[in-house]
Amino acid sequence: MILSSNNISSHSKTDLHFLWSLRVLAVVAGSLLVLIIGFILRESWPALTHIGVARVFTDPGWFPTEHSYQLTPIIVGTMLAACGSILLAAPLGIVSAIFCHFYAPPLLGQWYRHMIELLAGIPSVVFGFWGLVVLVPLIAAWHPPGPSLLAGILILTLMILPTIMLIAHSSIAQVPAAYIHSATALGLSRWAMIWHVVLPVSQIGVLTGIFLGLARALGETMAILMVCGNVVQLPSHMFDPIRTLTANIALEMAYALGSHRSVLFMSGLLLMGLVICFVSVAEALRHKANYAVAK
Amino acid sequence: MMMRTLVHSLLSTVLLIGLAFAHELFGVVTVSQAQEGKLVITGSSTMAPLLLEIGKRFEANHPDTRIDVQTGGSSRGIADTIRGLADIGMASRALTPEESPLHGTVVAYDGIGIILHASNPIQKLTNAQIRSIYSGETTNWQRVGGRDAPITVVNKAQGRSTLELFLQYFQLSNRDIHAHVVIGDNEQGIKTVAGNPNAIGYVSIGTAQYDASHGLPIRLLPLQQVAASIDTVRTGIFPLSRPLTLVTKSSPTGLTKTFIEFAQSSRVHDLILQQYFVPLQN
């Protein structure tokens, strides 16, 4: 009796209740995203139609109170910070994952993994505060003014390292044991096995992690706002301050009125588009990886 | 049995989320009904902590009322008051002539002070020197009698009333300013200057004096030979100061009037001093 009531093909009353509450919850979760995108579209509509996307690249500068809305330096700053942090975090994350899985003694490996998980749980404002009172003064002593693209890249690296490391670690752990045993049986050194067997097999999973990290780096706001200096300019080197799209929205939204507000929503739309792109690439890669493993 | 409990808890979660949404949606509707005993106050982030404290004391004296304080800057306070989204707007500046249909009541004063790192040997700067530093003509402390080090200029983000007042006083436009760091709130500015021996910034004197007296390495510069302190702002001799204004759509009535009179009275002077602002003299 007990078994049959758990049968998925029998629709008991409890099952139906459960099924419908799940359906309602799923619709709520899904429609929230649609609502948010719809809302951002509605708020940025005046900017899209009256100001136009072209002026974002052709206006003389970002002086919203004087109706000049050039976003190019901000877009470039956002991309530089995100890509710079990926360049640092990706090798670090992959190496940490390899160390954790193949080289560290089990106890140390486990401990190390927990540390990285903890790093993922630190609120971004704490990273920002630490950056502001520790990292920025250090950079200022080395090469003033301190708040800079470099500070942003370093803080972002710390924040996306766990994402990249944990995803790389789990996809390395998924490499079939038979591959590893065969490589060992062939007498490959540990490094040769990692380089020629483990990494090629798990590369799609690792790439997924990198794209998710990139999406997070693009969307990060609070920490970036506190360490990047927020000056609207094209940086000529690592020590120049920059402003990112997220910081721009956070700094000005509360004070923005009219078309300024609408342009900020438009930049939010742009940001959302970029993040959706990266997350979809990551998802597509993940499907490919699942398919490859299934094969 | 387990399943039923699970279903119930899921359903009650859905119900709670729904209720939260309903509250968000209808929260806006209840705003204009000041007679019901709720006042919504929005605006200047400088004034919000003070109004929060005044609101708490007001609620204690008038048990049936609720004071809801939200920040977002003086511009938002004024815009919300015009649109009827707030009963009272907070503006940390005097009303401009275009805003004259609104009714403003000053409850306290605040001064804007220039701050340097405590280790910076500079003891005073003229208005012309400060203007030249902010417009990027002077880029090394040596030029104004300091040590040989590049100046880090800390500016405020657009829309903040502190920035507007600073620009107006030094007759600069935001385009002219050559900043190295752009900050949001006062505390971020103070932390930035405290962490950089060669930085110059400007923040509320109240906040700066509080942080300096609590061991942060920053120093307030005098302006036109007037020391930047709570006392000089109170007596009105400090040149760069601003009135903290409560804004209403028309001459206040009912609960709004009672609250504004309370905020002006000597019963909240201790709260104003606690926030390092300067109460009205009466």
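Throughout, protein chains are lettered first and strands after them, A, B, ... in sequence-line order, and every chain is numbered starting at 1.
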Within the 6.0 Å centroid threshold, strictly below: A:Phe265 and A:Phe39: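 That pair passes the under 6.0 Å test.
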is_close_aromatic(A:Phe239, A:Trp142), centroid dist under 6.0 Å: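 Close enough - the centres of the two rings lie under 6.0 Å apart.
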Non-hydrogen side-chain atoms of A:Leu225 and A:Leu251 separated by less than 4.5 Å: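 Side-chain contact under 4.5 Å: yes.
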Side chain proximity check, A:Leu269 to A:Leu48, heavy atoms < 4.5 angstrom: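 Yes. Closest side-chain heavy atoms under 4.5 Å.
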Contact listing (chain B partner; residues 229-238 of chain A; heavy atom under 4.5 Å):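 Residues of residues 229-238 of chain A touching chain B at under 4.5 Å: A:Gly229, A:Asn230, A:Val231.
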Any donor-acceptor N/O pair, A:Ser44 side chain to A:Ser262 backbone, under 3.5 Å: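 No, A:Ser44 side chain to A:Ser262 backbone: no donor-acceptor pair under 3.5 Å.
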Choice from A:Ser148, A:Ser68, A:Pro241 maximising heavy atom contacts with chain B below 4.5 Å: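 That would be A:Pro241.
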Pairs of heavy atoms under 4.5 Å with chain B: top-ranked of A:Ala140, A:Pro147, A:Ala247: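 Of the options given, most contacts go to A:Pro147.
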Extract all donor-acceptor atom pairs below 3.5 Å that involve side chains of residues 124-138 of chain A and protein atoms in other chains or at least two apart in sequence.
residue	atom	partner	partner atom	Å
A:Ser124	OG	A:Glu220	OE2	3.3

Whether B:His180 and B:His178 hold their rings parallel, tilted or perpendicular, with breakpoints at 30° and 60°: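 Ring orientation of B:His180 relative to B:His178: perpendicular.
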A:Arg23 NZ/CZ over A:Trp20 ring centroid, <6.0 Å and within 45° of normal: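 A:Arg23 over A:Trp20 ring: yes.
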A:Leu92 and its side-chain contact (heavy atoms from CB on, under 4.5 Å) partner, picked from A:Ile160, A:Leu161, A:Leu87: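 Only match with A:Leu92 under side-chain contact (heavy atoms from CB on, under 4.5 Å): A:Leu161.
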ring-ring contact (aromatic ring centres under 6.0 Å, His included) involving B:His103 - partner list, sequence neighbours excluded: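 With sequence neighbours excluded, B:His103 shows a ring-ring contact (aromatic ring centres under 6.0 Å, His included) to no residue whatsoever.
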Close contacts, residues 182-193 of chain B versus chain A, judged by heavy atoms under 4.5 Å: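 At a heavy-atom separation under 4.5 Å, chain A is reached by B:Val182, B:Ile183, B:Gly184, B:Gln188, B:Lys191, B:Thr192.
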